[in-house]
Every structure is written in structure tokens, then in C-alpha cells.
Amino acid sequence: MRKIAARGRREVAALIRPKKVAMSGPITVKDLSAALAVKSADIISRLVQQGMMATANQVISSEVAELVAIEFDAELVVEHKTTLEEQIRTEFEKRERKNLKKRSVIAAMLGHVDHGKTSLLDKIRSTHVTAGEAGGITQHIGASQVTWDSKTVTFLDTPGHEAFTAMRARGANMTDVVVLTVAADDGVMPQTIEAIAHSRAAAVPIIVALNKIDLPGCDINRVYGQLAEHGLSPSEWGGQTEVVKTSAVTGDGIRDLLEHLDYVAELLELKADDTIPATGWVVEARLSPQQGPVGTLLIEEGLLSKGDVVLAGCAYGRVKMLKNSLGKSVKTATSSMPVEITGLSDVPQAGDRFYCLDDINRAKAAAEQNKERSRESTLTQRTQVTLDNLFSQIEAGNVKELNLIIRADVQGSVDVLTKYLSELSTEEVKVRILHAAPGGITQGDVLLAEASNAIIIGFNVTGDEHVAKLAETKGIEIRHYNIIYRITEELQKSMAGLLEPEEREETLGRAVVRQTFKVSRIGTVAGCYVTSGTAAKSAKMRLIRDNIVLRGDLSIESLKHFKDDAREVKTGLECGIKIAGFDDVKIDDVLEFYEIVKIARTL
Ligand code: GDP
């Protein structure tokens, strides 16, 4: 009787579902199920419909939890508990600044490979070591400061725009100005254009170093024209962009470049108070067998002294050794200076913010809390914008701009897409094209999408497997299209919340063509090696050559594993494929297998 009575109570309890629930993060599926009085399995199946594999103990982001709650007719309010670090951050932001002074500019060198970023930086460093320190070996600690005529500039050693953007994705916007290095003999190249897009997305001004000016026969006007085409009209032509002609070989123009950078500090009115406790970012960190955790910190503002208590992400401690970028021990360091320190409890991560505190116990408590949270947050994925959730994100006020990255097979398509997609802006949502270029989708594109909450559109192109994996782990949406009006139509609909239950493709696997055989009366058979997933007889297929989709919507006429017909061939195995109605397959072509699944747009 008691059992039956208890069961009865349970059933009654399950039927009374709360209309309004308050929770505080991190939220697991189990917590949510208890709060909403809905079975975990029901929540999991809703998540699976959205392509999110979850277990009962999995932490889900508060946005996802809120959307799930709406599904079950409840309103979920996720209360955000402020962390110790957030409290510290607010305190630091509110500090009174009585001694504001100009601080030196922080610059990063970006540009196409081999255009001279490293050489230029080396030349700048070797020719601008201050008196008394002359002959000192410049240390590579991830950043450095150069001084001349009592002026200084700080350089970050960002090896390219991908690292620059990866830091930004972590919230570290350290760079005040980008030095875009363009070789005069080579001109604007694909990575130059990418670097421009990445700088713009970060809203960082650009100064161009027109490098290798010592080489004979450079057509400077041609490069000026290319720069102007990409919105960097040189000031010599009446435009807004400073172009400094430099040579890392002769040293020509380097002083001029530094003066221009120093001028940016004035233009941007970069000011800081060197008397308040320091804050800034971790540029690099490593574990040294002799010294323990060693970190390069870049001071954004304030004073850091030997013996100070520092909190940096999951690490804390007292500054034991303090060195400047020349490797010289110093007692104190101030705004815009990169320093190397030891004395931390742990190795912090590049991009972590650091704070100089007066209480070691508070630093320890905050570091421990950060450690705990980072363990949890590896389980939570930040909700990136996708076409499916765009409308709900617009409604929730999370999205006011739809950021897009466009990759297409040819420049003509890039131009047309840029034009059409920009025209889709409405009063509620502005469409912003962060980057549009011909060629396959790159890792840099995915990082840019992550840092700027963007969707990537591939028109007749894909990225390699590495890129697809990276996008998947970061939750970045890559949409593939081969008809222009489909893109505009889908974007328009998703902005208006009208995207219907849709057919979406799911990638099954990839194979690379290693051999081709001409077989009479059958045609060309491709001898393939399955590099990931499975090759399935029933799948649809696209043929990719150099990241360009040559043909989509192909089907398999026959699939053989050795001599036998196969339904599926798995990763690491070889197979013979005859593509239906297509014989122009070549060695090194990639075949991507996919199937079309119907996805209900419920969340
Ligand atoms: P990064 O890939 O942009 O860092 O380019 P590097 O600094 O490695 O330079 C690539 C090549 O260009 C090297 O062989 C350099 O010696 C050469 N180089 C760099 N700057 C100049 C320059 O101003 N003039 C000439 N003639 N060669 C340069």
C-alpha cells in the first residue's frame, strides 16, 4: 500500500510542473530535469534533435538550458553568481586614476608569410637597444619593448593573425595597433587580406610597413592600388592609412615606423596610471625545470613590483623574479611593459588576465575558484550563433549583428556574395561581412568565427578535415552551398525566425583517391583510402580538389572492399568506388560522404 501510495505521489508531483524556475549555473541536464520536473531522457532527446550529444551529468550552457525550459513551457531564469575574479575585475575597473600619463602603444606584426615580420622585428630590436644595455641579448619572451629618444613601443611576437585572433577569442585584446607587413616585390597576398580582416574584426587600426623596399624594381604604385582596393588607401594618395617604406636589411624606414607607432599612442590617447596596482594579460607561460612556472606578463596599466601578490587565471603567488624583455632584473615595471616573472603556483594560460592584489589569501581563493570553474566550463560550450538559433538569439537580445565569413571558389562569387549578403541587413540585425575570400575554409576562419561569433559560408568550397573538426569542437557553424539564392533565402528566413524544419546534411566520412583505374564498359574506378568516418554505399558524395568542391550531389554506383561489394567501408580501409555518371576523378581528389537528415527546429 505504501509503495502504491508513494508511486501515486510521485506521479502527481511529476505532473505539477513549475512555470517559473530560478537556477544558478553551472547547470547539468540532471539539475535541469529536477528543476523542471521533466525526465532527463526527455531533455536529452531534445538536445539530440539539435545535434547536441549530452549525458545526464553534462553541463549545458545557460542559453541552452533556457531554451530547453521554454520547450517544456517553463521560464528559466539563470542567476549568475559573480566569481571572485569578476569582483576583483569590477573593483579594478572602478579604481580612481589620479596620475594618468601617456602609455606606450602595443603593436603586433601581421602579414603574409615571408614578407618580413620576423626580420623587421629583429632589426628593430637590435638597432634600438637603449644605451647601457647595448650588446644585451634580446630575449624572446613573447613580447618586447624598444626605446628611442625617451619614447617606447611594445611589440607582441604574435606569429600571425591566427594566434592574434585566438587570444581575442579568450578575451585578451592586447593590441592597440597592427603593423601590416607587405613585401613591396610581392604585394598584397591572401594572408595579407586575412590579416586585414582579422584586424578589422578586432577593431584595431592598421599601419602598413611596405617592406623589402631595398629590392630593385618594386612597383610601389601597384601595391598602393592593391591596398586601396582593400580599404587601406595610402595617405600619400590622400587616404587614411599610413604606409611606411621599410627595409629589414638596410634598416631604412624603421625609425619612421617607430615614430608613426608612437604617434598612434597620442592619436588614440592611450593613458594609464603607473601608481596603482598592475593588471594586464599573460602573453606566454611555461614550466621551467629550475624555476617552476615562468610567465610573460604584459602590463596594461599600473605598477608591478618584486614581491607583489599576483593572481593569473588558475595561478597565484608572489613575484619572485622580475625581468624586462632584455632579460635584465628590475625592481618594478609599469604600463605597457612586458615582463617575465616567476613565483606563481601554477602555469597560467596565455590570454589569462592578471591582477596585482594585496592579499595572498584572496588571490589563492580566486585562483582555486577559477580552477574549479575551468574544469566545469570545459564541459560547457558557449552557444555560438547558428542559422537555427539566430532568431531566438536576436529575440533574446544576444545578437544585433550577424557576422559572416565567406569563402567561395572564385573571386567573382566572392564579389557577388559580398554584395548580396550585405544587402540583407534589416533594422534589427545588421549583416557584417568579416572576411570574404576565394579558396578553402581555413583554421584561421574558424578562429575568427569563434572570436567574433560568426557563421562561415562555404560556396562550392570546404575546409579539410582538420578545419571541420576544429569547427565542430568550437561549435562553429559552417554552411555549404552551391546556389547563391539558397544562401540569401536561408539567411533571410533565419533572421525572421521562419526557417522551416529543414533538411540538413550530416557528414559521414571522407576518403582520398590513391589510384584510378579505367575499366572498359564501366568507366573510371577510384581506388580510395577512407581517412575518417565511413564510406557508405547509400551516401551522397561531393568531389573535392584542392578544397574546391568540383561536384556535389554525386552518388555511388558501386562500392567494393577488395573484390566484394560492400555497404560500408570504415576508416583506415581501402575501397574501390565507381561514381555514378562521373569519370573525371583524379589521384588526390577527396570524396566526402554525407547524408541528408531532417531536423526539426525545436529549440
Ligand atoms: P616572415 O615570415 O614574415 O616572418 O618573414 P621573414 O622575416 O622570415 O623574412 C622572409 C625572408 O625575406 C627572409 O629570407 C628575409 O631575409 C627576407 N627579408 C625580410 N625583410 C627583408 C627586406 O627588407 N629586404 C630584403 N631584401 N629581404 C628581406
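In each ligand, atom 1 is the first atom listed, and ligand 1 is the first ligand listed. If you read the sequence from its start, that first residue is 1, and numbering goes on from there.
The protein heavy atom nearest to atom 4 (O) of ligand 1 is T118 OG1, 2.4 Å. The shortest contact between atom 25 (C) of ligand 1 and any protein heavy atom is with V249 CG2, 3.4 Å. Ranking protein heavy atoms by distance to atom 15 (C) of ligand 1, first place goes to S119 OG, 3.7 Å. For atom 26 (N) of ligand 1, the closest non-hydrogen atom on the protein side is D214 OD2, 2.9 Å. With hydrogens left out, the protein atom closest to atom 2 (O) of ligand 1 is D114 N, 2.8 Å, a heavy atom. Protein heavy atom nearest atom 21 (C) of ligand 1, with residue, atom name and distance: K212 CG, 3.5 Å. Nearest protein heavy-atom contact of atom 20 (N) of ligand 1 is N211 ND2, 3.1 Å.
Taking 4.0 Å as the cut-off between side-chain N and carboxylate O, R97 and E301 count as a salt-bridged pair. The pair D589-R551 fails the salt-bridge criterion, with no side-chain N (NZ, NE, NH1 or NH2) lying under 4.0 Å from an Asp/Glu carboxylate O. Residues E85 and R89 are not paired through a salt bridge, judged by the lack of any N-O separation under 4.0 Å between the basic side chain and the carboxylate. By the 4.0 Å N-to-carboxylate-O rule, E266 lies too far from K271 to be salt-bridged with it. With respect to D252 and K245, no salt bridge is recorded, no charged nitrogen being found less than 4.0 Å from a carboxylate O. Between R353 and E300, at least one side-chain N (NZ, or NE/NH1/NH2) sits under 4.0 Å from a carboxylate O, which counts as a salt bridge. No salt bridge links D273 with K101; every basic N to acidic carboxylate O contact stays at or beyond 4.0 Å. Under a 4.0 Å N-O distance rule, the pair K469/D464 does not qualify as a salt bridge. Ionic pairing of R125 and D122 is present here: one or more N-O contacts between side-chain nitrogen and carboxylate oxygen are shorter than 4.0 angstrom.
Distances from ligand 1 to the non-hydrogen atoms of K123 include no value under 4.0 Å. The shell of residues lying under 4.0 angstrom from ligand 1, judged by heavy atoms, excludes T181.
For ligand 1, the atoms sitting less than 4.0 Å from at least one non-hydrogen atom of H115 are 3 (O), 5 (O), numbered in the order shown with element in parentheses. Of all the atoms in ligand 1, the ones that sit under 4.0 Å from a non-hydrogen atom of S247 are 23 (O). Heavy-atom contacts of V113 reach the following atoms of ligand 1: 2 (O) (cutoff under 4.0 Å). When each atom of ligand 1 is checked for a heavy atom of H112 under 4.0 Å away, the hits are 3 (O). Ligand-side atoms of ligand 1 in range of L215: 26 (N), range being under 4.0 angstrom from any heavy atom.
By the 3.5 Å distance cut-off applied to N or O atoms, G116 is counted among the residues near ligand 1. An N or O contact shorter than 3.5 Å links A248 to ligand 1 by distance. Taking only nitrogen or oxygen atoms, main chain and side chain alike, K117 reaches within less than 3.5 Å of ligand 1.
No part of T250 comes within 4.0 Å of ligand 1, judged by heavy-atom distances.
For the pair S235 (side chain) and G238 (backbone), a donor-acceptor distance under 3.5 Å is absent.
Side-chain atoms of S335 and D274 form a donor-acceptor pair, as typed in the model, at a separation below 3.5 Å.
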